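Below: one structure, written as structure tokens.
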Protein chains: 2
Amino acid sequence: MAGLSSRSAVAIHALAMLANRRGGSLTSAEIADSLGSNPVLVRRVLGRLRDAGLVRSTEGRGGGWSLARAPRDITLYDAYTAVEEGQIFSRHTHPPSSACEVGRTIGVLLDDEFRSAERALEEQLGRTTIAGLLQRILASGNGAGSH
Amino acid sequence: MAGLSSRSAVAIHALAMLANRRGGSLTSAEIADSLGSNPVLVRRVLGRLRDAGLVRSTEGRGGGWSLARAPRDITLYDAYTAVEEGQIFSRHTHPPSSACEVGRTIGVLLDDEFRSAERALEEQLGRTTIAGLLQRILASGNGAGSH
DNA sequence: CAAACTGTAACCGCATCGGTTGCAGTTAAC
DNA sequence: GTTAACTGCAACCGATGCGGTTACAGTTTG
């Protein structure tokens with residue numbers, strides 16, 4: 001529970017690679033190579049992106065993954081919310097307790113505070129698009145890239 | 001990795017209880033009762049708050065925990081940063097990779113984006129103080145509370 | 001047919017969390 | 001000075017989730 005999974009990073013990385021293909025497709029093995037990971041993990045993550053309508057997959061020989069939306073219409077928040085589940089903050093699962101004034105009422109207020117904080121994080125993620133990210137990637141790297 | 005620990009919630013709950021004591025002290029057992037948890041966990045969390053200078057502990061019979069600062073000078077961010085460690089987002093631990101243009105340069109940019117998002121969350125947490133939270137607790141609950 | 005893909009399920013090893021027990025150290029009450 | 005009520009800390013447990021891997025069924029192309 002020391003933070004979220006690395007699926008967001010994997011998802012954004014994959015989306016940036018696909019955007020760099022400009023309509024073309026990539027296999028899970030190619031993406032896994034660039035991530036230093038393995039194809040099964042990539043398919044697990046991209047499967048969630050497909051369920052969220054961000055990418056498409058085609059089966060069979062010559063198949064692979066491609067974007068289902070324009071890169072400028074995909075934000076980091078879209079990727080994040082597609083692959084991470086549940087809330088960032090956790091609460092105690094225990095009975096609300098008790099004869100204690102504070103314990104009785106703090107629950108809802110704490111939920112509000114945590115939700116506000118998470119919303120702030122999500123709004124910040126929503127301010128960056130895959131197109132914008134890719135633009136900065138291509139600007140900082142220089143040579144002509146593969147993939 | 002499905003989120004943070006519940007230590008933030010425990011810490012904030014405990015701080016609110018201590019603030020409600022207005023200078024008085026509470027034992028870890030009393031706080032654990034209100035949380036539906038156990039004293040060892042409470043001491044683990046409050047120990048971190050003490051290291052951060054938010055509370056004080058006194059040993060021995062009649063000992064316990066009290067605030068080391070005015071409630072209006074303690075924000076939810078103070079509690080959060082004292083008990084949670086590391087970043088919210090994780091990255092792949094694997095070799096940066098590769099011959100891939102995107103993989104080569106995305107690392108730093110992704111770190112920037114994640115840091116910005118986390119900072120937004122932290123700033124939101126910093127906008128609420130323990131005093132403000134307690135005020136709302138006492139306003140929504142009505143009777144005279146114990147503790 | 002064979003080859004190259006996706007899509008899943010199953011299992012492993014590992015880290016971390018919350019929970020618990022046990023015990024040493026400290027202070028106050030008697 | 002003995003007892004009681006605390007903190008402080010180490011050790012261990014079970015559960016959970018993650019990333020990694022193997023295996024295999026299904027699908028499409030050559």
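If you're wondering where the values come from, they're calculated on a predicted model, not measured in any experiment. The figures here come from the full heavy-atom set of this structure, side chains too, leaving out hydrogens, waters and symmetry mates.
Side-chain nitrogen and oxygen atoms of A:His92 include none within less than 4.0 Å of the OP1 or OP2 phosphate oxygen of C:dC17. Applying the 4.0 Å criterion to OP1 and OP2 of C:dT6, one finds that A:Ser28 has a side-chain N or O inside that range. For B:Ser37 and C:dG19, the shortest distance from a side-chain N or O to OP1 or OP2 is below 4.0 Å. The side chain of B:Thr27 contributes no N or O atom lying less than 4.0 Å from OP1 or OP2 of D:dC6. Distances shown here put a side-chain N or O of B:Ser6 below 4.0 Å from the OP1 or OP2 atom of C:dG18.
Each end of the helix from C:dC1-D:dG30 to C:dC30-D:dG1 yields a helix axis from five base pairs, and these two axes differ in direction by 0° (to the nearest 10 degrees).
Straight-line distance from the CD atom of B:Glu30 to the C1' atom of D:dT7: 14 Å, rounded to whole Å. The separation between B:Leu46 atom CG and C:dG18 atom C1' is 15 Å, rounded to whole Å. Atom CG in A:Leu4 sits about 14 Å away from atom P in D:dG17, given to the nearest Å. One can place CZ of B:Arg50 at 11 Å from P of D:dT7, the figure rounded to the nearest angstrom. Following rounding to the nearest Å, B:Ile31 (CD1) and D:dC6 (P) show an atom-to-atom distance of 12 Å. Atom P of nucleotide C:dA10 and atom CG of A:Leu41 are separated by 19 Å, given to the nearest angstrom. For the pair A:Leu26 CG and C:dC5 C1', the computed distance is 13 Å after rounding to whole Å.
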Might you list the N or O atoms of the protein lying below 3.5 Å from N or O atoms in nucleotides 10-14 of chain D, with each pair's distance?
from, atom 1, to, atom 2, distance (Å)
D:dA11, N6, B:Arg44, NH1, 3.4

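Atom CG of residue A:Asn20 and atom CG of residue A:Leu15 lie 12.5 Å apart, to the nearest 0.5 angstrom. Rounding to the nearest 0.5 Å places CD of A:Gln135 at 8.5 Å from OG1 of A:Thr129.
Scanning residues 51-65 of chain B for heavy-atom distances under 4.0 Å to DNA chain D yields B:Ser57, B:Thr58, B:Glu59, B:Gly60, B:Arg61, B:Gly64, B:Trp65.
Checked against salt bridge (charged side-chain N to carboxylate O under 4.0 Å, His left out), A:Asp111 has the following partners two or more places apart in sequence or in another chain: A:Arg91.
With a 4.5 Å cut-off on side-chain heavy atoms, A:Gln124 and B:Glu118 do not count as touching. At least one side-chain heavy atom of B:Arg22 sits under 4.5 Å from a side-chain heavy atom of B:Leu134. With a 4.5 Å cut-off on side-chain heavy atoms, A:Ile31 and A:Leu46 count as touching. A:Arg115 places none of its side-chain heavy atoms less than 4.5 Å from the side chain of A:Asp112.
The shortest heavy-atom contact between B:Thr128 and B:Arg136 is CG2-NH2, 3.6 Å.
Side chain of A:Ser6 to backbone of A:Ala9: no donor-acceptor contact under 3.5 angstrom is found. One N or O on the side chain of A:Ser90 and one on the backbone of B:Leu4 form a donor-acceptor pair closer than 3.5 Å.
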Please tabulate, for side-chain N and O atoms in residues 55-67 of chain A, each donor-acceptor pair with protein atoms closer than 3.5 Å (sequence neighbours left out).
from, atom 1, to, atom 2, distance (Å)
A:Ser57, OG, A:Arg50, NH1, 3.3
A:Thr58, OG1, A:Gly64, N, 3.3

When the side chains of residues 74-86 of chain A are checked against the rest of the protein, which donor-acceptor pairs come out under 3.5 Å, sequence neighbours left out?
from, atom 1, to, atom 2, distance (Å)
A:Thr75, OG1, A:Tyr77, N, 3.2
A:Thr75, OG1, A:Asp78, N, 3.2
A:Thr75, OG1, A:Asp78, OD2, 3.2
A:Asp78, OD2, A:Thr75, N, 2.9
A:Glu84, OE1, A:Ser5, OG, 3.2
A:Glu84, OE2, A:Ser5, OG, 3.0
A:Glu84, OE2, A:Ser8, OG, 3.1
A:Glu85, OE1, A:Arg48, NH1, 3.0

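When each of B:Pro39 and A:Arg48 is assigned the nucleotide of DNA chain D bearing its nearest heavy atom, the one mapping closer to the 5' terminus is B:Pro39. The nearest heavy atom of DNA chain C to B:Glu84 and to B:Asn38 marks one nucleotide each, and the one closer to the 5' end goes with B:Glu84.
In the set C:dT6, D:dG19, D:dC9, D:dC9 carries the atom at the smallest distance from any side-chain atom of B:Arg43.
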